[in-house]
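Here is the structure we will look at.
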Protein chains: 2
Amino acid sequence: MKNKIERIQKIKEIISSTKIESQGQLLDILLEEGYDLTQATLSRDLKRMRIAKVGDGCGGYSYILPGQNVAKTLNTSHSSSVPASNWFISIDFSGQFCVIKTRPGYAGGIALDIDAKEADQIMGTIAGDDTILVILRGGVRKKELINILRDIIPIIDK
Amino acid sequence: MKNKIERIQKIKEIISSTKIESQGQLLDILLEEGYDLTQATLSRDLKRMRIAKVGDGCGGYSYILPGQNVAKTLNTSHSSSVPASNWFISIDFSGQFCVIKTRPGYAGGIALDIDAKEADQIMGTIAGDDTILVILRGGVRKKELINILRDIIPIIDK
DNA sequence: TTTTACAATGTATATTTTTTCAATATTTTA
DNA sequence: TAAAATATTGAAAAAATATACATTGTAAAA
């Protein structure tokens with residue numbers, strides 16, 4: 001009972017640095033770290049802390065802290081070997097444009113990955129800190145681009 | 001199948017205007033409105049829409065749209081734009097003193113927030129760089145102070 | 001101190017949510 | 001248009017999450 005505050009703190013740390021897909025996964029980590037608790041307690045903690053479970057945009061789920069739109073990016077690598085879910089926020093299409101949102105700092109690197117594919121269908125990319133604009137050639141369809149991006153964003157939707 | 005887009009739109013409307021505590025409740029509303037679907041489809045919709053289920057701070061749960069910021073709702077009177085979870089380290093009580101540890105640099109600002117409450121129970125605060133000393137009036141109990149700090153430090157919720 | 005109230009937690013269970021699988025429907029391609 | 005590829009969905013099963021209840025620990029009051 002004494003270590004509740006400490007546990008709460010630890011949960012925050014884990015959630016902000018690791019992608020958590022279920023309470024079971026988080027529970028395992030906490031148990032490994034030496035905390036002694038059950039899933040029931042974890043459920044109560046998450047409820048009180050207002051930590052939310054939300055679709056991750058890549059076919060899975062992710063737990064997020066309140067206000068974690070500006071989550072810090074602990075994963076320095078952005079190469080294709082890193083699961084997309086570590087940097088990916090959203091993808092949107094409008095006319096000949098595709099806008100990909102990433103966690104802060106990732107856009108430039110991911111844009112390079114996209115450029116490296118040298119796809120005919122892509123006229124070019126422009127990247128800021130957390131947003132990539134992909135400009136498509138006329139007549140290129142959404143699905144076509146998704147296929148090109150598939151190994152950068154393994155599962156866009158499922 | 002044609003009405004999927006319409007249904008998605010309706011879900012957004014409902015979520016933003018009504019407190020939804022479970023998919024079952026949302027499903028009932030949609031059925032009453034004439035939409036024909038099952039809970040399984042709803043689960044998929046919510047996942048794709050990245051709608052989250054989160055503790056409502058009053059003992060229940062609530063579904064929220066991606067844009068809605070949970071921390072803001074919680075910290076209504078907190079002038080700082082920084083969510084509590086980003087600065088809070090620990091809180092301790094001893095006699096008429098309460099010591100709050102923060103991440104470096106935050107103590108002063110948080111102390112201002114505490115002062116702004118102008119609570120009778122608090123005689124004053126002294127802040128360093130990462131520590132706040134809250135001096136309580138005689139007879140003020142721990143629980144009482146926690147109630148006062150509740151919307152500055154949401155974590156100590158209970 | 002002793003009593004009392006309340007908070008924290010685990011266990012077991014209930015509830016809710018997610019997914020698998022199969023059937024259709026829709027869209028794209030040829 | 002017909003065939004092929006994709007997407008959407010429901011029903012049922014599986015998985016995940018939440019809670020009722022009982023117990024124990026902690027703090028406040030007397």
Side-chain angles (χ1 to χ4, degrees), chain A residues 1-8 11 15 20-28 30-31 35-56 58-63 93 121 139-147 150 155-158, chain B residues 1-8 11 15 20-28 30-31 35-64 91-96 98 121 136 138-147 150 155-158:
Chain A
M1 217 175 274
K2 183 72 178 305
N3 62 336
K4 186 186 175 188
I5 291 179
E6 195 191 331
R7 187 185 66 227
I8 294 294
I11 290 171
I15 296 276
I20 298 297
E21 304 218 38
S22 70
Q23 293 184 10
Q25 182 194 348
L26 178 53
L27 181 64
D28 288 344
L30 286 165
L31 293 177
Y35 293 86
D36 186 20
L37 76 165
T38 62
Q39 177 268 323
T41 296
L42 188 49
S43 171
R44 294 175 184 122
D45 284 348
L46 296 178
K47 179 179 184 179
R48 275 186 299 234
M49 295 169 79
R50 313 194 71 186
I51 286 174
K53 183 185 186 181
V54 62
D56 65 0
C58 306
Y61 285 89
S62 185
Y63 277 84
F93 295 85
Q121 296 88 342
V140 175
R141 276 170 299 105
K142 173 178 168 178
K143 200 194 315 184
E144 212 171 335
L145 180 64
I146 286 180
N147 279 331
R150 202 166 285 281
I155 311 160
I156 288 174
D157 195 24
K158 196 179 162 190
Chain B
M1 214 176 278
K2 185 64 181 308
N3 65 333
K4 186 186 175 189
I5 292 178
E6 197 190 331
R7 186 184 67 225
I8 294 293
I11 290 172
I15 296 276
I20 299 297
E21 305 220 37
S22 71
Q23 294 184 9
Q25 182 194 348
L26 179 52
L27 180 65
D28 288 344
L30 286 165
L31 293 177
Y35 293 86
D36 184 20
L37 75 165
T38 63
Q39 180 270 323
T41 295
L42 190 49
S43 171
R44 295 177 183 117
D45 284 348
L46 296 178
K47 180 180 185 178
R48 274 187 292 238
M49 295 169 78
R50 312 192 74 182
I51 286 173
K53 184 184 185 181
V54 61
D56 65 1
C58 308
Y61 285 89
S62 185
Y63 277 84
I64 60 167
I91 185 166
D92 253 300
F93 295 84
S94 177
Q96 293 313 114
C98 165
Q121 296 90 340
L136 307 177
V140 175
R141 278 172 295 109
K142 174 179 170 179
K143 203 194 307 185
E144 217 173 336
L145 180 63
I146 286 181
N147 279 330
R150 197 175 295 277
I155 288 156
I156 58 174
D157 180 88
K158 251 183 185 175

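Every chain is numbered from 1, with letters handed out A, B, ... down the list of sequences.
- Inter-residue side-chain proximity for A:Met49 and A:Ile8 is flagged as met; some heavy-atom pair is nearer than 4.5 Å.
- Each of A:Ala40 and B:Leu37 has a nearest nucleotide on DNA chain D; the 5'-most of these lies closest to B:Leu37.
- When all heavy atoms of B:Leu42 and B:Gln23 are compared, the pair lying nearest together is CD2-O, 3.3 Å.
- B:Leu26 and B:Ile20 get closest at one heavy-atom pair: CB-CG2, 3.8 Å.
- In this entry the distance linking OH of B:Tyr61 with C1' of D:dA16 reads 12 Å, nearest Å.
- Spacing between atom CD of A:Glu6 and atom C1' of C:dA8 amounts to 16 Å, rounded to whole angstrom units.
- Looking at heavy-atom distances under 4.0 Å, A:Asp36 makes contact with sugar-phosphate atoms alone, never a base.
- Between C:dT16 and B:Tyr63, no contact under 4.0 Å exists linking OP1 or OP2 to a side-chain N or O.
- With rounding to whole Å, B:Ile51 atom CD1 is found 13 Å from C:dT17 atom P.
- At whole-Å resolution of the value, CD1 in B:Ile11 and C1' in C:dT17 are 15 Å apart.
- Close to C:dT18, at under 4.0 Å from its OP1 or OP2, lies a side-chain N or O of B:Gln23.
- Here C:dA25 presents its C1' atom at 15 Å from CD1 of B:Ile5, a figure rounded to the nearest Å.
- Side chains of B:Tyr63 and B:Leu46 form a contact here, defined as non-hydrogen atoms less than 4.5 Å apart.
- Using a 4.0 Å heavy-atom cutoff across all strands shown, A:Thr38 reaches at least one base atom of the nucleic acid.
- Rounded to whole angstrom, the span from the CG atom of A:Asn3 across to the C1' atom of C:dA7 amounts to 14 Å.
- Rounded to whole Å, atom C1' of C:dT9 lies 13 Å from atom CG of A:Leu42.
- Between B:Lys53 and D:dT17 there is no side-chain N or O to OP1 or OP2 distance below 4.0 Å.
- Distances shorter than 4.0 Å separate none of the side-chain N or O atoms of B:Arg48 from OP1 or OP2 on D:dA7.
- The side-chain hydrogen bond (donor to acceptor under 3.5 Å, both in side chains) check on B:Gln25 picks up nothing, with sequence neighbours excluded.
- Residue B:Tyr35 contributes atom OH, which lies 17 Å from atom P of D:dT8 at whole-angstrom precision.
- Note on B:Thr41: a side-chain N or O is less than 4.0 Å away from OP1 or OP2 of D:dG10.
- Using a 4.5 Å cut-off on side-chain heavy atoms (C-beta onward), B:Thr38 and B:Leu27 make no contact.
- One N or O donor and one acceptor, one from the side chain of A:Gln39 and one from the base of D:dA18, sit under 3.5 Å apart.
- The overall bend of the helix from C:dT1-D:dA30 to C:dA30-D:dT1, read as the angle between its terminal helix axes built from five base pairs each, is 50° when rounded to 10 degrees.
- Summary of the strand contacts: B:Arg7 and A:Lys47 both lie near DNA chain D, and taking for each the nucleotide with the nearest heavy atom, the more 5' one is attributed to B:Arg7.
- Taking A:Arg44 as the reference, nothing meets the side-chain hydrogen bond (donor to acceptor under 3.5 Å, both in side chains) condition, with sequence neighbours excluded.
- A 4.5 Å side-chain heavy-atom check between A:Asp36 and A:Leu30 finds every atom pair outside the cut-off.
- Comparing D:dG10, C:dA8, D:dA20 against the side chain of A:Lys4 picks out C:dA8 as the nearest.
- Looking at heavy-atom distances under 4.0 Å, A:Ser43 makes contact with a base.
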